[in-house]
Amino acid sequence: VTMELNDGNLQTLTEFMRKTLDPDPSIRRPAEKFLESVEGNQNYPILLLTLLEKSQDNVIRVCAAVTFKNYIKRNWRIIEDEPNKISDPDRTTIKANIVNLMLSSPEQIQKQLSDAISIIGREDFPLKWPDLLTEMVTRFQSGDFHIINGVLRTAHSLFKRYRHEFKSNELWLEIKLVLDTFANPLTELFKATIELCQTHATDINALKILFSSLTLISKLFYSLNFQDLPEFFEDNMETWMSNFHNLLTLDNKLLQTDDEEEAGLLELLKSQICDNAALYAQKYDEEFQPYLPRFVTAIWNLLVSTGQEVKYDLLVSNAIQFLASVCERPHYKHLFEDQNTLTSICEKVIVPNMEFRSADEEAFEDNSEEYIRRDLEGSDIDTRRRAACDLVRGLCKFFEGPVTAIFSGYVNSMLGEYAKNPGVNWKHKDAAIYLVTSLASKAQTAKHGITQANELVNLTEFFVNHILIDLKSQNVNEFPVLKADAIKYVMIFRSQLPKEQLLQAVPLLVAHLQAESTVEHTYAAHALERLFTMRGPNNSTLCLVQYFSSGKKCIKK
């Protein structure tokens with residue numbers, strides 16, 4: 001069925017769109033059903049595009065944009081042996097108009113259409129949509145950063161899949177085509193944008209737009225360089241790296257924000273540059289070698305001068321990840337071997353970023369699901385603690401002895417502070433446990449916890465002297481963070497601790513199932529489940545199940 005492109009149909013669609021926003025389900029649901037019933041008709045998507053371009057009502061325009069994007073998401077892919085859900089004439093019309101429409105729309109609508117272009121591009125680019133990139137790149141000449149950022153945002157959502165696609169000839173041909181069309185204009189735009197930042201250094205509104213562009217350009221750099229080092233970027237490394245280095249050291253007062261939670265434009269840009277530098281240090285270390293020392297210095301200075309506020313978390317964790325990726329490469333080893341350098345890194349970067357901050361405490365108490373997901377399930381990839389832990393692991397690769405010695409001093413001093421006044425200084429013990437855990441963990445699997453440990457750390461002694469006391473505490477609700485730490489210690493070092501100690505821990509873990517803290521009782525349940533599924537020699541269970549169910553010590557058969 002074909003829907004005519006006329007005012008009557010536009011009016012009908014407008015009325016039904018408005019009803020889909022009604023809070024009353026008896027009005028909203030029939031309207032949603034109607035839109036579903038007509039979405040198979042030819043011209044339906046063209047009517048939506050007309051509506052989002054020409055409607056006088058902004059709410060209807062945004063609604064049409066979201067409806068269009070979802071329609072594309074559901075229907076664009078052609079599935080073998082199934083009917084084509086969008087007619088060929090509609091597909092052609094959409095591709096001929098959508099880029100123009102996206103770039104001339106206000107930002108709210110632009111983002112929806114940009115997503116739609118990415119969805120279409122994933123299926124049709126480059127074979128069925130060969131002129132997409134050329135059409136986008138010519139807009140760099142417009143000088144209008146609303147348009148330029150629209151292009152950059154769309155390109156970013158198109159190219160970011162290069163970061164996780166498997167290598168293949170087809171993929172490499174596509175990336176080569178993209179580089180041939182896009183790499184040079186992107187580099188010219190990068191240089192021009194940096195010049196404009198200097199020209200408009202005192203104009204806050206211009207700077208906000210320009211820094212958004214620079215962040216998007218930096219993200220595109222990462223995607224285009226991820227699979228391999230393209231010849232073009234190797235030839236232009238000086239342009240990119242010297243400008244990245246300058247941006248890392250830039251501190252424009254106008255771009256500093258008062259918000260303690262939300263990262264500002266300066267932090268987002270510098271975070272991405274740290275990622276780009278880490279990518280080159282890891283994958284293209286030979287070519288990157290001339291630039292590396294100045295990046296290490298700049299990122300080091302950044303780390304020691306950045307505060308503890310949440311808004312810097314991504315920046316700090318990416319900066320630490322850069323150091324972590326550098327310190328475990330054999331031919332950068334010389335940058336770290338001086339004892340003063342190691343002490344400085346431990347004191348100024350690792351220890352401060354292992355602290356349990358008030359933001360962590362709030363998450364522990366009020367957003368326990370998110371805390372557990374980040375801490376236990378390893379999705380804390382962007383947290384300071386995870387990055388600091390990775391840096392400890394990286395340093396231990398070549399400097400295990402000196403690093404362990406430096407940190408042993410810190411652990412003892414933190415535990416000493418805790419002992420002086422546990423009620424006030426409990427966070428010192430939390431940091432000490434975290435430090436011991438990062439020092440001791442060399443290799444880990446979900447099934448067995450830590451499978452390889454640093455032999456210079458006596459895990460059993462630490463368990464007896466510092467962990468058991470929290471597990472045995474009569475009040476399961478006192479110091480819930482330390483209790484959760486102790487439970488996690490048993491859980492992750494279960495393959496390293498002697499069986500007697502695991503048996504000792506079981507009834508104590510059971511007691512913690514009664515704890516009021518969600519994190520604490522969830523960790524206890526998780527730890528018990530992990531202990532009960534451990535395997536001993538010859539694949540036998542470790543007697544824990546029998547011990548637990550009978551309440552008696554297991555007798556060796």
Side-chain angles (χ1 to χ4, degrees), residues 260-262 308-310 313-314 317 353-389 414 418 422-438 441 444-450 463 466-494 497 501-502 504-534 544-545 548:
E260 292 197 358
E261 301 281 321
E262 195 77 32
Q308 285 282 352
E309 292 86 350
V310 173
D313 283 7
L314 181 66
S317 65
N353 286 300
M354 285 206 173
E355 282 172 14
F356 194 78
R357 299 168 304 165
S358 50
D360 302 314
E361 199 174 347
E362 276 170 33
F364 185 94
E365 289 167 4
D366 304 328
N367 195 356
S368 49
E369 272 183 39
E370 177 60 19
Y371 182 91
I372 293 166
R373 200 173 66 80
R374 283 201 329 226
D375 185 51
L376 205 55
E377 296 169 19
S379 72
D380 62 342
I381 205 71
D382 289 335
T383 66
R384 294 172 181 243
R385 281 189 145 187
R386 166 60 58 95
C389 184
M414 287 167 179
Y418 167 74
V424 174
N425 297 340
W426 61 267
K427 287 182 183 176
H428 288 277
K429 182 169 183 179
D430 167 80
I433 297 172
Y434 205 88
L435 202 44
V436 168
T437 306
S438 359
S441 317
Q444 185 170 6
T445 66
K447 193 174 175 185
H448 302 291
I450 302 297
F463 174 82
H466 304 289
I467 298 295
L468 209 48
I469 191 165
D470 287 321
L471 291 177
K472 282 182 166 176
S473 155
Q474 292 302 301
N475 182 355
V476 292
N477 296 317
E478 190 183 29
F479 303 133
V481 174
L482 293 182
K483 300 281 199 302
D485 289 342
I487 295 167
K488 189 179 168 192
Y489 186 94
V490 174
M491 181 163 44
I492 62 174
F493 291 118
R494 61 189 180 276
L497 292 168
Q501 287 175 348
L502 296 179
Q504 194 179 2
V506 170
L508 303 173
L509 292 172
V510 173
H512 285 83
L513 294 172
Q514 309 297 321
E516 285 167 14
S517 156
T518 306
V519 175
E520 190 183 332
H521 63 235
T522 306
Y523 277 23
H526 194 63
L528 287 164
E529 185 262 336
R530 289 288 180 216
L531 291 178
F532 290 162
T533 52
M534 282 176 74
L544 292 180
V545 179
F548 182 48

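- Here CZ of R386 is found 8.5 Å from CG of D375. Values are rounded to the nearest 0.5 Å.
- Between H512 and D470, the shortest heavy-atom distance links the atoms NE2-O, 4.0 Å.
- Looking at L528 and L513, their side chains come closer than 4.5 Å, going by heavy atoms from C-beta outward.
- Taking CZ from R373 and CG from N367, the interatomic distance works out to 9.5 Å, rounded to the nearest 0.5 Å.
- Between the CZ atom in F356 and the CG atom in L482 there is a gap of 9.0 Å [rounded to 0.5 Å].
- Between the CD atom of E309 and the CZ atom of R357 there is a distance of 9.0 Å, given to the nearest 0.5 Å.
- A pairwise comparison of heavy atoms in E520 and V476 identifies OE2-O, 2.7 Å as the closest pair.
- The main-chain N or O of H466 is found under 3.5 Å from a side-chain atom of K429 such that the two form a donor-acceptor pair.
- A distance of 10.5 Å separates CD in Q504 from CG in L497, rounded to the nearest 0.5 Å.
- Nearest heavy-atom pair, I433 versus T437, reported as atom, atom and distance to 0.1 Å: O-OG1, 2.7 Å.
- When every heavy atom of A363 is checked against every heavy atom of R374, the shortest pair comes out as CB-NH2, 4.5 Å.
- Nearest heavy atom pair, residue K427 against residue E361, reads NZ-OE1, 3.0 Å.
- The two residues S441 and F493 have their closest heavy-atom pair at OG-CZ, 4.1 Å.
- Formation of a donor-acceptor pair under 3.5 Å by the N477 side chain with backbone atoms of E516 is found in this model.
- Using a 4.5 Å heavy-atom cutoff, the side chains of T383 and D313 are not in contact.
- Listed for the S368 side chain is no donor-acceptor partner under 3.5 Å among the backbone atoms of E365.
- Atom CZ of residue F364 and atom CD1 of residue I372 lie 8.5 Å apart, to the nearest 0.5 angstrom.
- The closest donor-acceptor contact from the side chain of R384 to the backbone of S317 lies at 3.5 Å or more, if one exists at all.
- Between the H428 side chain and the Y418 main chain, no donor and acceptor come within less than 3.5 Å of each other.
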